[in-house]
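To find a chain, count down the sequence lines: A is the first, B the second, and so on, and within it residues start at 1.
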2 protein chains.
Amino acid sequence: MIAELLPERTVERLSKYRRVLSRELENGMDHIYSHDLAKLLHITPVQVRRDLMLIGHTGTLRKGYDIAKLIKLIGEIIDCSGIQKVAIVGLGQLGMALLNYLQNNKNKLHLTAAFDNNPEKIGHIFQGIPCYDEQQLKEVVEKEKITIGILTVPANKAVEMSHRMTDSGILGIINYTPASLKLDNAFLEEYDVITSLEKVAYFSKPFNLDLYKKLIQSQQ
Amino acid sequence: MIAELLPERTVERLSKYRRVLSRELENGMDHIYSHDLAKLLHITPVQVRRDLMLIGHTGTLRKGYDIAKLIKLIGEIIDCSGIQKVAIVGLGQLGMALLNYLQNNKNKLHLTAAFDNNPEKIGHIFQGIPCYDEQQLKEVVEKEKITIGILTVPANKAVEMSHRMTDSGILGIINYTPASLKLDNAFLEEYDVITSLEKVAYFSKPFNLDLYKKLIQSQQ
DNA sequence: AATCATTTGTTTACATTTTAACAATGCAAA
DNA sequence: TTTGCATTGTTAAAATGTAAACAAATGATT
């Protein structure tokens with residue numbers, strides 16, 4: 001249906017659209033206007049219409065978008081036809097927090113395995129997710145056909161581990177370590193807590209915040 | 001020195017430059033070329049030179065950039081003159097993980113307080129950080145002059161809590177909840193774990209990954 | 001029936017970010 | 001000394017992402 005890759009930002013918003021739309025559906029709404037959907041995410045109606053145009057969803061004039069249909073379409077675009085299995089590599093504090101956060105997945109992404117090198121964790125089951133020895137990574141990933149990895153090992157092990165992950169067949173990695181990676185055969189998404197905190201620190205310095213507010217205002 | 005706001009992406013990279021440069025300094029390096037710094041972050045040398053131009057750092061031809069000076073300059077730009085105090089609002093799994101992650105801060109950002117509504121946590125000290133009752137937010141933030149908040153409460157409390165945070169004097173918020181916020185008097189940075197995971201899922205679907213790889217190749 | 005108001009879909013313009021191009025500089029080697 | 005080369009700093013172009021503008025459609029109102 002869609003022959004081209006969608007822009008990264010559009011994909012991100014589609015994920016958010018689906019989430020808020022599901023809530024609207026539960027509240028008994030069946031249609032929604034672009035400007036109402038926009039308000040839910042604090043973006044502009046134009047952006048909503050443009051995103052939906054890109055995925056080929058068409059609303060009805062004066063009635064808005066059919067929420068159930070839109071949710072279904074977004075699913076067809078974002079989700080894999082079957083399911084995609086996810087592994088957490090590194091069960092430290094952050095890995096464990098993410099494990100708890102993700103275990104109640106109602107979508108097509110199934111958290112399937114965790115890996116660590118701590119003997120006290122290996123062999124245990126956390127929230128229904130088994131923790132394997134890091135050494136078994138390739139074996140388990142191949143057997144379970146895991147395609148997505150969440151990387152939460154210590155920074156100094158991140159590069160090596162990321163290569164072992166892609167070598168095992170993982171196609172997408174979210175890197176939560178501060179190490180900066182480069183993968184050849186997988187999609188990489190990096191998120192660096194410290195960087196993000198330092199960015200907020202910069203923009204919330206009083207002088208900068210004033211400049212920032214003026215900038216925002218001048219755009220409206 | 002710099003009269004204008006820096007681009008957001010530049011600020012993010014400055015944070016990363018500083019981190020890798022500190023490591024190089026520890027390894028005994030005193031100067032670095034733009035292309036070597038670029039390699040450390042897997043970006044282009046042009047981008048490095050452009051970023052450094054924006055902050056007014058000037059290297060010496062055939063010698064590169066003075067690492068110690070550059071680290072110092074980045075500090076002057078990113079860090080506040082004094083220190084900036086940080087609070088974690090919501091000490092669930094994620095909040096606690098971040099608390100552990102941030103407690104060993106060697107920079108100008110000081111994690112000062114945590115807030116929760118769980119009686120079992122209120123009054124306790126975690127890694128040296130006291131956990132207060134959510135109800136004391138305004139009081140503590142004002143007294144301690146906390147300016148940055150990390151929001152990790154349950155999604156349904158995020159909007160209300162964010163307003164209480166800005167009302168108390170917080171100037172910058174990192175929102176880790178899936179709720180989408182809109183703040184008028186503070187800088188807001190949102191990071192949504194699920195969205196980021198679904199984005200990776202989309203781009204690592206085999207068909208899309210092929211398109212993506214071709215796209216990358218065609219750009220080189 | 002004619003006009004108006006509303007809302008979609010699409011094109012065009014604007015802003016931000018990245019990448020490329022290249023002049024300027026100055027060390028090294030012939 | 002002079003040529004060549006490596007490296008910086010800056011300007012220009014390209015790519016990406018966001019917002020505006022507006023035609024088209026259709027129901028509501030007079």
Side-chain angles (χ1 to χ4, degrees), chain A residues 2 4-17 29-39 41-67 69-70 73 180 190 195 199 203 211-212 214-220, chain B residues 2 4-14 16-17 29-39 41-67 69-70 73 180 182 190 195 199 203 211-212 214-220:
Chain A
I2 310 291
E4 295 274 336
L5 269 185
L6 294 168
E8 297 203 13
R9 297 302 153 91
T10 294
V11 175
E12 290 175 14
R13 283 188 296 268
L14 288 177
S15 160
K16 292 175 196 283
Y17 292 152
M29 306 268 298
D30 56 350
H31 284 72
I32 192 166
Y33 297 132
S34 61
H35 58 260
D36 286 327
L37 180 48
K39 260 184 213 138
L41 297 185
H42 302 106
I43 59 178
T44 66
V46 187
Q47 191 140 65
V48 171
R49 295 205 296 276
R50 209 172 189 299
D51 286 335
L52 300 195
M53 188 189 78
L54 288 177
I55 64 172
H57 182 81
T58 167
T60 46
L61 197 49
R62 317 209 106 205
K63 211 175 164 192
Y65 301 101
D66 182 316
I67 296 181
K69 276 189 191 157
L70 183 47
L73 177 60
S180 104
E190 309 211 73
T195 287
K199 177 184 172 184
F203 284 100
L211 288 177
Y212 180 75
K214 275 175 202 151
L215 187 72
I216 300 294
Q217 277 180 346
S218 75
Q219 287 169 357
Q220 284 161 358
Chain B
I2 311 290
E4 295 275 334
L5 269 185
L6 293 169
E8 297 203 15
R9 297 304 151 91
T10 294
V11 175
E12 290 175 14
R13 282 189 296 269
L14 288 178
K16 292 175 197 283
Y17 293 151
M29 305 269 298
D30 56 349
H31 284 73
I32 191 166
Y33 295 132
S34 61
H35 57 261
D36 286 327
L37 180 48
K39 261 184 212 138
L41 298 184
H42 301 108
I43 60 179
T44 67
V46 187
Q47 191 141 62
V48 171
R49 294 205 299 273
R50 211 176 186 299
D51 286 335
L52 299 196
M53 187 190 78
L54 288 177
I55 64 172
H57 182 82
T58 167
T60 46
L61 196 50
R62 320 210 95 194
K63 210 174 164 192
Y65 301 100
D66 182 316
I67 295 180
K69 276 189 191 158
L70 183 47
L73 177 60
S180 104
K182 176 71 161 41
E190 309 211 72
T195 287
K199 177 183 173 186
F203 283 100
L211 288 177
Y212 180 75
K214 275 175 201 151
L215 188 73
I216 300 294
Q217 277 180 346
S218 74
Q219 287 169 356
Q220 286 160 357

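- Distance B:Glu8 CD to D:dG17 P: 15 Å, rounded to the nearest Å.
- Counting only heavy atoms from C-beta outward, the side chains of B:Tyr17 and B:Ile32 never approach each other to under 4.5 Å.
- For the pair B:Arg9 CZ and D:dA15 P, the interatomic distance rounds to 18 Å; values are reported in whole Å.
- Between B:Leu5 atom CG and C:dT16 atom P the separation is 11 Å, expressed in whole Å.
- If you take CD1 of A:Ile43 and P of D:dA19, they are 8 Å apart, rounded to a whole angstrom.
- Taking CG from A:Leu215 and CZ from A:Phe203, the interatomic distance works out to 9.0 Å, rounded to the nearest 0.5 Å.
- Only one option out of B:Asp51, B:Leu52, B:Leu5 pairs with B:Thr10 in a side-chain contact (heavy atoms from CB on, under 4.5 Å); it is B:Asp51.
- A:Tyr33 has its side chain out of reach of A:Lys39: every pair of non-hydrogen atoms, C-beta onward, lies at least 4.5 Å apart.
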Solution key, residues 55-62 of chain A side-chain donor-acceptor pairs under 3.5 Å, sequence neighbours excluded:
| residue | atom | partner | partner atom | Å |
| --- | --- | --- | --- | --- |
| A:Thr60 | OG1 | A:Gly64 | O | 3.4 |

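- At least one side-chain nitrogen or oxygen of B:Gln47 sits closer than 4.0 Å to the OP1 or OP2 atom of C:dT19.
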Return a single string for nucleotides 5-14 of chain C, one symbol per nucleotide in 5' to 3' order, where B is base contact, S is sugar-phosphate-only contact and - is none, cutoff 4.0 angstrom on heavy atoms. BBBBBBB---
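- Going from atom CD of B:Glu12 over to atom C1' of C:dT16 covers 13 Å, rounded to whole Å.
- Taking atom CG of residue A:Leu6 and atom C1' of nucleotide D:dA15, one finds them 17 Å apart after rounding to whole Å.
- B:Leu215 places its CG atom 12 Å from the P atom of C:dT19, with the value rounded to the nearest Å.
- Between atom CD of residue A:Glu190 and atom OG1 of residue A:Thr195 there is a gap of 10.0 Å, rounded to the nearest 0.5 Å.
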